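One structure is given below, encoded as structure tokens.
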Number of protein chains: 2
Amino acid sequence: MGTTQLETVPEPKYWHLRTVLSEALDSEFSVGEVLPNERDLAARFGVARATLRQALEQLELEGRLQRRRGVGTTVAPPRVGVAVGDRPHAWPGAAGDVWEPLDSELAPPPATVAEALGTDREQPVHTVRRSRVTHGRPVASELLYVPSPAVPALSAIDTPAGAPRARAVLRALHHLELERQESAVELGSAGADEARELDRLPGAPVLVVTTRWSTGKRTAALSVATYRADTCRLTFGDSGDVEIHDTPEPRAS
Amino acid sequence: MGTTQLETVPEPKYWHLRTVLSEALDSEFSVGEVLPNERDLAARFGVARATLRQALEQLELEGRLQRRRGVGTTVAPPRVGVAVGDRPHAWPGAAGDVWEPLDSELAPPPATVAEALGTDREQPVHTVRRSRVTHGRPVASELLYVPSPAVPALSAIDTPAGAPRARAVLRALHHLELERQESAVELGSAGADEARELDRLPGAPVLVVTTRWSTGKRTAALSVATYRADTCRLTFGDSGDVEIHDTPEPRAS
DNA sequence: CAGTGGTCTAGACCACGCA
DNA sequence: GCGTGGTCTAGACCACTGC
């Protein structure tokens with residue numbers, strides 16, 4: 001600081017700031033601690049607030065910071081490892097599920113989903129909304145699409161709307177022999193609705209996990225789950241959701 | 001005020017813009033087409049350039065756009081599905097590998113890597129740099145860490161530096177019985193070096209895939225691969241890297 | 001060289017959380 | 001009501017690409 005020696009290298013200011021702040025976070029701050037506000041920080045580093053914010057944005061993207069309007073910027077805990085994959089308990093309908101069913105409706109799905117399911121454009125599907133919570137924080141929001149032919153027993157909807165109906169669909173799924181599974185992960189941004197559910201702003205970066213289950217050749221279910229990219233590390237394979245980061249929120253207050 | 005009907009809903013301008021542009025992309029543009037420049041677009045929508053840029057940033061994050069300094073903004077092709085996971089040909093050292101070895105050196109690794117490997121802080125490891133190319137475009141850059149005890153035959157480095165030495169390490173790995181594999185995916189941002197290799201700017205969003213291979217209880221290799229988040233969809237499980245998006249770059253020119 | 005996107009500034013006002 | 005982060009503006013200059 002003071003006599004910055006980077007005049008010769010046209011490294012962007014915000015990038016340099018990111019590095020400086022990142023090192024400061026490592027050495028001088030602890031999880032949960034609140035940083036000075038953006039105006040003060042910008043003044044301290046002699047940059048415009050926009051520039052300072054660009055650096056903070058990077059750090060938030062990397063899961064190092066957490067910013068909340070009206071509150072402040074705090075040092076984020078290490079990312080939570082969430083199991084996504086072969087683990088049975090991640091399967092829809094399994095006992096000890098990590099997902100909480102919210103509601104379900106039977107209607108024609110979006111075009112892209114119909115295509116992925118291989119069903120007709122007008123074929124109604126059960127759409128189950130579920131929410132995943134870890135450490136008391138919402139980490140993911142899911143839409144689970146189940147073509148009604150896959151669960152014929154449900155054709156007569158005699159369960160009350162809301163969570164009970166969602167659970168009924170999951171139970172029906174559980175009775176099937178779900179076979180193989182394939183998934184894909186890509187970066188997306190939270191829509192207004194998802195953002196609300198994940199306690200983020202619209203456009204927040206999310207990891208979109210698309211998974212397909214099938215019984216034989218039939219696609220029995222398609223799940224589109226959006227995870228908070230800032231707080232989650234998706235794990236595949238053995239080590240599952242073992243919470244290595246046992247940081248039980250020491251509640252720095 | 002004008003008769004815009006969104007006065008009641010304080011939806012951010014950039015978000016609204018993103019939606020409008022997104023729909024325009026769907027209906028009025030085709031892959032590879034170049035958009036008007038940012039100043040014109042901003043003027044056309046009656047917003048500041050910064051606001052317009054915020055919308056473009058979103059769309060780029062979602063893989064809809066591609067921006068290049070000095071060139072312009074173009075409509076991006078659909079994301080490329082890259083197989084990450086159980087497929088043998090993704091294993092280090094396997095034949096028909098999708099990775100291209102660049103070079104290798106033997107040195108103590110970063111602290112975090114040593115910890116993940118479970119090796120001593122000073123224990124030297126082979127660090128192999130590899131690059132993954134799909135459709136002629138670089139999509140990922142990898143650092144593969146192999147503790148030297150895992151490949152004792154290599155202790156005498158009699159291969160020339162660069163790609164040959166990297167290949168030697170991979171060959172040695174190939175002779176081992178690599179057993180189980182676990183991986184994690186998280187969002188990161190490209191460092192200056194990775195950015196260069198991926199043909200992006202520093203701070204570009206990347207998907208970081210950390211994978212561990214072991215022989216018995218020993219960790220034989222640790223891979224940290226960073227994929228371009230804007231252009232890649234990581235696939236796990238069956239459907240592998242089948243290129244559904246066969247778009248062979250019709251070269252819109 | 002002209003034109004593009006990338007960086008940066010110095011302001012203003014808004015939406016939200018909390019006391 | 002006050003302090004926070006979030007949005008937005010209108011400008012300037014820089015770095016890069018390609019002609």
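Order of the sequence lines fixes the chain letters, A, B, ..., with proteins taken first and strands second; residue numbering starts at 1 for each chain. Computed from a prediction, not measured in an experiment: that's the story for all the values here.
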To the side chain of [X], which of [options] is closest?
| X | options | value |
| --- | --- | --- |
| A:A50 | C:dT4, C:dT9, D:dT7 | C:dT9 |
| A:R49 | C:dC8, C:dT4, D:dG6 | D:dG6 |
| A:K13 | C:dG5, C:dC8, D:dG5 | C:dC8 |
| B:R53 | C:dT7, C:dT9, D:dT9 | C:dT7 |
| B:P12 | C:dC8, C:dT9, D:dT7 | D:dT7 |
| B:V71 | D:dT9, C:dT9, D:dG18 | D:dG18 |
| B:T51 | C:dG5, D:dC8, D:dG18 | D:dC8 |
| B:R39 | C:dT7, C:dC16, C:dG6 | C:dG6 |

### Query
So, is B:N37 near the phosphate of C:dT4, with a side-chain N or O under 4.0 Å from OP1 or OP2?
yes
### Message
Using OP1 and OP2 only, check whether a side-chain N or O of A:T73 sits under 4.0 Å from D:dG5.
### Response
yes
What is the separation between atom [atom1] on [X] and atom [atom2] on [N], rounded to the nearest whole Å?
| X | N | atom1 | atom2 | result |
| --- | --- | --- | --- | --- |
| A:L52 | D:dG6 | CG | P | 12 Å |
| B:Y14 | C:dC14 | OH | P | 18 Å |
| B:L17 | D:dT9 | CG | C1' | 14 Å |
| A:E57 | C:dG6 | CD | P | 14 Å |
| B:Q66 | C:dT4 | CD | P | 18 Å |
| B:Q54 | D:dT9 | CD | C1' | 12 Å |
| A:R69 | D:dG5 | CZ | P | 12 Å |
| B:H16 | D:dC8 | NE2 | P | 12 Å |

### Message
Using the rule given for side-chain contact (heavy atoms from CB on, under 4.5 Å), can you reason through A:V20 versus A:F45, listing the C-alpha separation, both sets of side-chain angles and the distance that settles it, and then say yes or no?
### Response
CA-CA 10 Å; A:V20 171; A:F45 286 102; 4.0 Å; yes
### Task
Consider only side-chain N and O atoms of B:E142 and B:S223, and report whether a donor and an acceptor are under 3.5 Å apart.
yes
### Query
What is the nucleic acid contact for B:L56, judged by heavy atoms within less than 4.0 Å: base, sugar-phosphate only, or nothing?
nothing
### Message
Using a 4.0 Å heavy-atom cut-off, does A:R68 contact any base of the nucleic acid, only the sugar-phosphate backbone, or nothing at all?
### Response
sugar-phosphate
### Query
More 5' along DNA chain C: B:R67 or A:A48, using each one's nearest nucleotide?
B:R67
### Message
Less than 4.5 Å apart, side chain to side chain, heavy atoms only: is that true for A:V224 and A:Y145?
### Response
yes
### Student check: side-chain heavy atoms of B:T231 and B:V80 closer than 4.5 Å
no
#### Entry: Pairing of B:R200 and B:E60 as salt bridge, 4.0 angstrom limit
yes
### Query
Would you call the rings of B:F236 and A:F236 parallel, tilted or perpendicular, where under 30° means parallel and over 60° means perpendicular?
parallel
